[in-house]
S.K.: 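Got a structure for you, questions after.
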Amino acid sequence: MEESKKVTGQSRRSFVKQTAAGVSVATMAPGVVLYSLARATRHPDEAVTDEVRWGMLIDANRCVDGCTDCVTACHEENGVHQLGRPATDAQWIRKVHLRDRQTGREYGIPVMCQHCEHPPCVDVCPTGASFKRADGIVLVDKHICIGCRYCMMACPYKARSFIHEDVTDQVAHAPRGKGTVESCTFCVHKLDAGEGTTACVQACQHDALIFGDLNDSDSRLSRELAKYPSRQLRADLHLNQGVRYRNI
Amino acid sequence: MRPVTFTQIEGKSSRYWILLGTLSAMIAAGFAAAMYMEHHGHYVTGMTNQIVWGMPHIFAVYLIIAASGALNVASIASVFGRSAYKPLAPLSALLAIALLTGGLIVLVLDLGRPDRLIIAMTYLNLKSIFAWNQLLYSGFILIVAIYIWFMMEKRMQRYSRAVSIAAFIWRLILTTGTGSIFGFLVARQGYDAAIMAPMFIIMSFAAGLAIYILVLMAAYSWTDRELGDSVLRRLKNLLGIFVSAVLYFVLIYHLTNLYVAEHHGIEAFILLGKNGGGQYAMVFWWLQIIMGSIIPLIILFSSLSRQRLMIGIASALVILGGLAQMYVIIIGGQAYPLDIFPGMEVISSGFMDGVPEAYSVSLPEFLLGAGMGFGVALIIVVIGISILRFLPQSLADEVVDFDDAAGASA
Amino acid sequence: MKAVLIQLLLVGLMLMMGGAVASDRVSLPKYPQPVGDQCVEPTDIMRREHMNFITHQRDETVYKGIRGIAARHSLKDCIDCHVGYDAQGRAVPINSEGQFCESCHNYTAVSIDCFGCHRTTPDEVSKVRQFTGKP
């Protein structure tokens with residue numbers, strides 16, 4: 001299966017990281033997958049529940065200047081091709097380099113859909129296409145998206161893209177097409193397959209991104225968040241995002 | 001006071017057919033533009049991932065608020081009992097429906113998936129203001145249509161005041177809904193302001209009346225019917241008051257922002273053209289304030305307005321100013337970069353964070369907004385007045401006695 | 001006399017049209033042979049109900065996250081089995097002329113709204129090809 005292929009193709013380090021997070025997927029025979037059931041995984045025919053809330057911690061001090069591995073991996077994983085028109089091309093994740101106006105301190109961070117607990121994009125969507133899954137992932141149901149772009153007006157993080165032209169050669173697990181809106185899915189197809197991680201996290205060689213279950217106090221994510229301070233982008237809006245930042 | 005007789009326009013003159021032809025050509029151009037945008041995708045327009053709403057929305061939102069404003073003339077007659085405005089009421093109601101239809105068609109054709117309109121109507125997320133608006137807009141058309149019927153049908157006329165009150169309340173809620181599309185957006189510095197809803201209501205008063213005056217003047221002059229000075233004098237004074245009121249709201253909006261440090265950036269951007277806001281400051285000062293507000297006010301409140309042409313020019317300028325205001329609100333508000341990292345300067349970004357977006361209007365967008373929007377609205381009016389009795393045979397001064405009316409209701 | 005002539009003309013016209021219909025009759029759809037010998041449901045049910053199955057599945061997948069083995073009526077799996085291959089062994093988009101989806105939808109004149117977004121060929125590593133060892 002494709003998941004298993006990706007796992008074997010991973011660096012040893014990220015594989016170890018993944019098993020340490022309590023999730024492992026192993027191929028026994030073609031087409032047969034063994035899921036080791038930790039809290040973060042569920043049986044494939046069970047619906048997602050709110051027992052899990054997926055989240056991410058991004059450490060600005062570890063994020064390396066000029067590195068865009070997470071961006072490349074995301075866009076490759078999800079078949080997001082750039083067409084050389086930066087103003088209208090889709091971006092699921094981008095690197096932003098910042099400088100403090102007062103102190104001059106500089107750092108770079110990846111920014112993507114922050115997977116808010118109270119997502120403004122979900123509030124404004126007239127059809128309900130923009131929705132939050134039980135496990136906290138904010139998604140677009142492209143089957144009922146009418147392309148009004150109200151969610152893009154409402155998102156404080158510029159996380160969403162409108163597909164401005166025809167798309168071909170999508171990947172099978174990430175359908176995307178002209179006239180609808182899209183954004184980071186936290187690699188929902190990987191999570192549903194029990195991988196417990198995302199393409200960007202797997203691609204980061206600097207351990208700047210930690211992914212996990214915010215509801216599981218034993219997850220590495222929760223332990224790190226409990227140990228050191230972290231911040232949310234535009235915390236003043238009280239959206240309680242799933243994505244947190246450290247050292248910004 | 002002579003009884004007012006309403007008649008259809010003849011609709012046989014070559015002027016009529018030229019007008020109908022011109023409007024049809026506008027609609028055809030708008031439709032072709034929409035097809036072109038749908039076929040290629042929105043990259044052929046000036047809209048981007050930062051400026052997600054462009055020209056079509058400027059025209060659509062303007063037409064939608066103008067629709068509710070156009071109904072005011074009828075409301076003055078029936079809700080506020082100024083009987084001298086009664087002869088003006090049917091056209092006011094027709095124009096309201098026409099403008100709303102024009103605006104909505106533009107909005108729908110700009111969708112990424114207009115073919116999914118049925119989904120928009122069957123899946124409603126009731127927390128979304130767009131969803132409320134669908135109910136408000138369709139309800140408005142229904143109520144106003146009933147109002148027209150009650151005005152025209154003698155047996156129903158005794159209920160027409162009740163319907164007109166319902167329509168008036170409905171239109172206030174409707175424009176509140178339109179303004180709240182922007183007022184409730186917490187993400188962007190230019191929006192997230194409760195004043196948006198009342199400001200849109202007062203903008204609708206000015207927009208609707210300006211269009212009403214122009215349509216009235218055109219209809220009467222092109223059909224060689226008599227339009228007295230007293231009607232126009234009343235309407236132009238009212239327009240002056242509405243334009244002043246809009247200015248007051250604009251002033252309060254900016255004063256509030258100027259007091260709050262968080263909003264200094266957007267104010268410098270819009271008012272002074274700092275950090276790449278040049279085109280928005282130009283549109284704001286030159287088109288919205290000077291051309292669209294100050295000059296019309298001078299015309300309307302001076303002896304210049306004794307000339308009919310000048311009233312027409314002032315009304316046209318008010319429309320221009322209103323569209324400019326929409327441009328500043330909708331495009332300017334989006335062009336100002338999102339303040340995701342307060343206190344930080346964005347040095348580089350893979351998605352143009354921190355960079356003001358330069359917006360350039362594309363032809364298809366303009367044709368969709370202006371051609372389709374105004375084309376549909378006006379063609380409904382033209383066809384409407386030629387098949388039903390919307391227009392009084394005469395609006396000469398001896399027919400519409402304003403002093404009498406004012407005295408009677410005082 | 002005139003009436004008879006007209007009747008004769010009409011009969012002739014009908015005969016001609018009838019002949020034309022018989023000879024130019026739209027032929028039944030032809031499409032590549034799918035993998036395996038049994039679909040997820042009996043063929044006659046699939047013909048009638050496939051749209052309902054995949055619409056239901058789409059909501060199960062999008063909202064409840066049910067994918068992979070548990071997603072019995074997944075569009076991805078339709079494509080995996082029913083896609084055709086060209087002489088070089090490359091998968092041909094399933095919505096292109098003469099392929100599984102297109103041939104029948106063309107025959108019945110029903111437009112498909114799936115492939116504006118969905119991939120039209122199996123991913124490089126498809127479930128079915130793993131099972132069957134097909135190209």
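Chain identifiers are assigned alphabetically (A, B, ...) following the order of the sequence lines, protein sequences preceding nucleic acid strands; residue numbering begins at 1 within each chain.
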S.K.: Count the heavy-atom pairs under 4.5 Å between each of Met121(B), Gln134(B), Met47(B), Glu357(B) and chain A, then report the option with the highest count.
M.R.: Met47(B)

S.K.: If we define contacts as heavy-atom pairs under 4.5 Å, which of Pro337(B), Gly343(B), Ser128(B), Gly354(B) has the most with chain A?
M.R.: Ser128(B)

S.K.: Could you tell me whether Lys132(A) atom NZ has more than 12 heavy atoms of other residues or ligands within 6.0 Å of it?
M.R.: yes

S.K.: For Phe351(B), is there any backbone N or O sitting under 3.5 Å from a side-chain donor or acceptor partner on Arg94(A)?
M.R.: no

S.K.: NZ/Lys178(A) to NE2/His40(B) distance, rounded to the nearest 0.5 angstrom?
M.R.: 8.5 Å

S.K.: If you tally heavy-atom pairs under 4.5 Å against chain B, which of Ala87(A), Ala129(A), Gly128(A), Ser130(A) wins?
M.R.: Ala87(A)

S.K.: Please confirm whether the backbone N or O of Ser348(B) pairs with a side-chain atom of Lys95(A), one donor and one acceptor, at under 3.5 Å?
M.R.: no

S.K.: Going from NZ on Lys142(A) to CZ on Arg113(B), what distance comes out if it is rounded to the nearest 0.5 angstrom?
M.R.: 12.0 Å

S.K.: Of all of Arg160(A), Gln91(A), His97(A), His143(A), which one pairs up most often with chain B through heavy atoms under 4.5 Å apart?
M.R.: His97(A)

S.K.: Does any heavy atom of chain B fall under 4.5 Å from the side chain of Leu239(A), the backbone, both, or neither of them?
M.R.: neither

S.K.: Would you find more than 12 non-hydrogen atoms of other residues, nucleotides or ligands less than 6.0 Å from Arg231(A) atom CZ?
M.R.: no

S.K.: Between chain A and each of Phe182(B), Trp132(B), Tyr43(B), count heavy-atom pairs under 4.5 Å; write down the option with the most.
M.R.: Tyr43(B)

S.K.: Flag the pair Val124(A) / Phe184(B) as yes when at least one side-chain heavy-atom distance between them is below 4.5 Å, and no otherwise.
M.R.: no

S.K.: Of the backbone (N, CA, C, O) and the side chain (C-beta and beyond), which part of Arg85(A) lies under 4.5 Å from a heavy atom of chain B, both, or neither?
M.R.: side chain

S.K.: For the residue pair Ile129(B) and Tyr150(A), establish whether any side-chain heavy-atom pair is separated by less than 4.5 Å.
M.R.: yes

S.K.: Checking Cys148(A) against chain B: side chain, backbone, both or neither under 4.5 Å from a heavy atom?
M.R.: both

S.K.: Check Arg234(A) against Glu262(B) and note the closest heavy-atom contact, atom names and distance.
M.R.: NH2-OE2, 3.9 Å

S.K.: Measure Ala90(A) against the heavy atoms of chain B and call it side chain, backbone, both or neither at under 4.5 Å.
M.R.: backbone

S.K.: Are Met153(A) and Tyr191(B) close enough that some pair of their side-chain heavy atoms sits under 4.5 Å apart?
M.R.: yes

S.K.: Go through the steps to decide whether Thr180(A) and Arg116(B) satisfy the test side chain to side chain contact (heavy atoms under 4.5 Å, CB included), and finish with yes or no.
M.R.: CA-CA 11 Å; Thr180(A) 55; Arg116(B) 288 185 179 164; 3.8 Å; yes

S.K.: So, for Ala187(B) and Ala154(A), which heavy atoms are closest and what is the spacing to 0.1 Å?
M.R.: CB-O, 3.2 Å

S.K.: Given heavy-atom pairs under 4.5 angstrom as the criterion, report whether the side chain, backbone, both or neither of Leu111(B) touches chain A.
M.R.: both

S.K.: What part of Phe341(B) gets within 4.5 angstrom of chain A, counting heavy atoms only: side chain, backbone, both, or neither?
M.R.: side chain

S.K.: Would you compute the distance between atom CE of Met344(B) and atom CD of Gln102(A) and round it to the nearest 0.5 angstrom?
M.R.: 11.5 Å

S.K.: Take atom CD in Glu106(A); do more than 12 heavy atoms of anything else shown fall under 6.0 Å from it?
M.R.: yes

S.K.: Calculate, to the nearest 0.5 Å, the distance between atoms SG and OH belonging to Cys145(A) and Tyr123(B) respectively.
M.R.: 13.0 Å

S.K.: Hey, does the side chain of Asn49(B) reach the backbone of Asp89(A) with a donor-acceptor pair shorter than 3.5 angstrom?
M.R.: yes

S.K.: Considering only heavy atoms, which portion of Ile144(A) lies under 4.5 Å from any heavy atom of chain B: side chain, backbone, both, or neither?
M.R.: both

S.K.: Find the one option among Glu345(B), His39(B), Lys127(B) whose heavy-atom pairs under 4.5 Å with chain A are most numerous.
M.R.: Glu345(B)

S.K.: So for Tyr107(A), is it side chain, backbone, both, or neither that comes closer than 4.5 Å to the heavy atoms of chain B?
M.R.: side chain

S.K.: Does Asp110(B) reach the side chain of Arg149(A), with side-chain heavy atoms less than 4.5 Å apart?
M.R.: yes

S.K.: If you count every heavy atom of other residues, nucleotides or ligands that lies below 6.0 Å from Tyr245(A) atom OH, does the total exceed 12?
M.R.: yes

S.K.: Which atom names give the shortest non-hydrogen contact between Ile340(B) and Leu233(A), and what distance separates them?
M.R.: CG2-CD1, 3.8 Å

S.K.: Between Lys158(A) (side chain) and Leu338(B) (backbone), is there a donor-acceptor pair under 3.5 Å?
M.R.: no

S.K.: Please report the shortest heavy-atom distance between Val96(A) and Ser349(B), naming the atom on each side.
M.R.: CG2-OG, 4.0 Å

S.K.: Top residue by heavy-atom pair count (under 4.5 Å) with chain A, among Ile181(B), Leu124(B), Val44(B)?
M.R.: Ile181(B)

S.K.: Among Leu98(A), Leu83(A), Ile248(A), Thr103(A), which residue forms the greatest number of heavy-atom pairs with chain B at distances under 4.5 Å?
M.R.: Leu98(A)

S.K.: Please look at Val122(A) and chain B and tell me whether the side chain, the backbone, both or neither of the residue comes under 4.5 angstrom of a heavy atom of that chain.
M.R.: backbone

